[in-house]
**Student:** 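I have a structure here, written as structure tokens, and I will follow up with some questions on it.
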Amino acid sequence: MSAPIKQHLIDPEICIRCYTCENTCPIGAIEHDDMNVVVNADVCNFCMDCIPVCPTGSIDEWRVVTTPYTLEEQYSWTEMPPQEDIGGSEAETGLEALDDAMVALLAEAHKGAGGKARAPATAAKPTVNLHTLGRPVTAKVTGNFRLTDDPEHDVRHIILDFGAQSMPVLEGQSIGIIAPGLDDKGHPHLPRLYSVSSPRDGERPNFNNLSLTVKRDPVGVCSSYLCDLEPGAEVKVTGPFGATFLMPGDASAHLLMICTGTGSAPMRAFTMRRQRTGKAGGMTMFFGARTPESLPYFGPLKKVPADLLDQHLVYSRSPATQKEYVQDRILAEREKVRALLDDPDTYIYICGLRGMEAGVDAAFAEIAGDMGQSWPDLRDALREEGRYHVETY
Ligand code: A2P
């Protein structure tokens with residue numbers, strides 16, 4: 001029997017198939033088939049470059065094995081295998097030393113990353129990877145509406161209808177969109193991930209449809225494709241993906257939602273779900289945009305009653321107000337946020353620009369300090385309880 005080794009793996013249940021890890025790996029150790037994204041144990045050198053870029057933490061899976069799992073085995077998984085019993089103490093196998101090095105590397109790699117998340121205990125069970133890269137489903141565009149008045153900032157509300165085909169999505173999940181044509185290497189485009197912005201019963205209740213919130217990016221192939229779609233057009237879709245950025249099912253839970261720009265998509269889905277079910281709980285939102293004219297869903301948000309959603313809309317480039325980021329407002333409202341951090345029913349969701357993460361983290365650290373608590377410890381505990389969720393890009 002060969003000596004045990006530590007193998008790097010990807011959790012197929014949580015992975016959202018954004019392929020960022022594969023594109024980041026400097027030595028080609030990560031690859032995919034139509035089902036899964038996997039790590040080649042013969043190639044991976046534990047450089048950890050793939051860890052901080054993963055938006056879900058699904059990349060952060062390790063097993064101690066005597067025989068590494070093959071690519072074929074990993075491709076066949078729908079969930080992670082349990083740790084096998086390899087026998088022997090860590091000291092005997094020499095894994096202790098390896099673990100120390102690994103822990104140090106992981107700590108470094110995780111700086112500023114979302115880390116490993118858990119779904120809220122009361123979240124509904126999500127369906128994942130129903131429509132794969134090899135067998136995408138075709139949806140029909142039934143609406144494409146501009147959400148922003150700023151001529152320089154084109155954000156669209158796009159409605160996709162799946163007809164009689166199954167596409168069960170929960171709020172907070174994403175779907176993949178495959179742009180037609182080939183990339184610059186002559187390969188078909190890989191799916192681009194978009195967070196669903198409608199609740200589980202559809203953009204239009206009880207129709208088999210959903211909505212996406214898409215910002216036109218002049219260099220983005222898929223966002224331009226989506227933003228230009230006319231009603232009636234057909235779109236290839238994969239997914240749904242995501243098994244942790246989900247809302248709790250209990251009515252008493254308080255949602256603390258922090259977002260920028262199109263990161264508001266899942267927050268809209270959460271809010272609409274609660275509006276439709278009457279499960280009010282409490283909801284607090286910190287939403288950052290350049291100006292009111294570039295803030296997606298500005299009009300509809302203004303109509304959501306304050307007793308359902310406590311809104312803090314902040315602007316970084318509005319001539320009418322001082323430059324403000326979400327983290328600035330969180331600190332300005334530190335008493336309110338402190339009370340929420342203290343409340344065991346609070347669930348935190350952060351979605352939007354990656355740059356926001358460090359600022360929000362620092363704001364929380366300050367408020368946790370006011371409470372006499374270490375933010376890293378509190379954050380880890382919240383994450384462990386399925387109460388802290390980050391999706392940034
Ligand atoms: P700015 O770009 O003016 O610095 P959008 O995606 O619609 O452009 O909105 C993103 C919003 O997030 C903008 O207001 C942007 O401000 C703001 N933003 C940029 N960087 C950060 C950051 N590090 N922390 C928080 N907000 C940020």
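Start at 1 with the first residue, then count along the sequence. One-based numbering, in listed order, for ligands and for the atoms of each. Not measured: the values here are computed from a predicted model.
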**Student:** State which residues pass side chain to side chain contact (heavy atoms under 4.5 Å, CB included) with H254; sequence neighbours excluded, sorted by chain then number.
**Tutor:** T284, L340, T346

**Student:** Report every pair formed by an N or O atom of ligand 1 and a protein N or O atom separated by less than 3.5 Å, giving atom names and the distance to 0.1 Å.
**Tutor:**
unit_1, atom_1, unit_2, atom_2, d
ligand 1, 2 (O), R317, NH2, 2.8
ligand 1, 3 (O), S316, OG, 2.7
ligand 1, 3 (O), R317, NE, 2.7
ligand 1, 4 (O), Y325, OH, 2.5
ligand 1, 6 (O), K215, NZ, 3.2
ligand 1, 7 (O), H153, NE2, 3.0
ligand 1, 8 (O), R290, NE, 2.8
ligand 1, 8 (O), R290, NH2, 3.2
ligand 1, 14 (O), A289, O, 3.1
ligand 1, 14 (O), R290, N, 3.3
ligand 1, 14 (O), S316, OG, 2.7
ligand 1, 16 (O), S316, OG, 3.0
ligand 1, 23 (N), G355, O, 3.1
ligand 1, 24 (N), Q327, NE2, 3.0

**Student:** Look at the aromatic rings of F245 and F270 and report parallel, tilted or perpendicular, splitting at 30° and 60°.
**Tutor:**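 If you compare the ring of F245 with that of F270, the planes turn out parallel.
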
**Student:** Looking at residues at least two apart in the chain, or sitting in another chain, which of them share a ring-ring contact (aromatic ring centres under 6.0 Å, His included) with Y347?
**Tutor:** none

**Student:** Please list, chain by chain and in numerical order, all residues satisfying salt bridge (Lys or Arg N to Asp or Glu O under 4.0 Å) with R200, sequence neighbours excluded.
**Tutor:**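 Partners of R200 under the salt bridge (Lys or Arg N to Asp or Glu O under 4.0 Å) test: E171.
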
**Student:** Could E203 and R268 be called an ion pair, given the rule that one side-chain N must be under 4.0 Å from one carboxylate O?
**Tutor:**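 Here E203 pairs with R268 in a salt bridge, since their nearest N and O are under 4.0 Å apart.
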
**Student:** Please determine whether a side-chain nitrogen of the Lys or Arg among E13 and R118 lies less than 4.0 Å from a carboxylate oxygen of the Asp or Glu.
**Tutor:** no

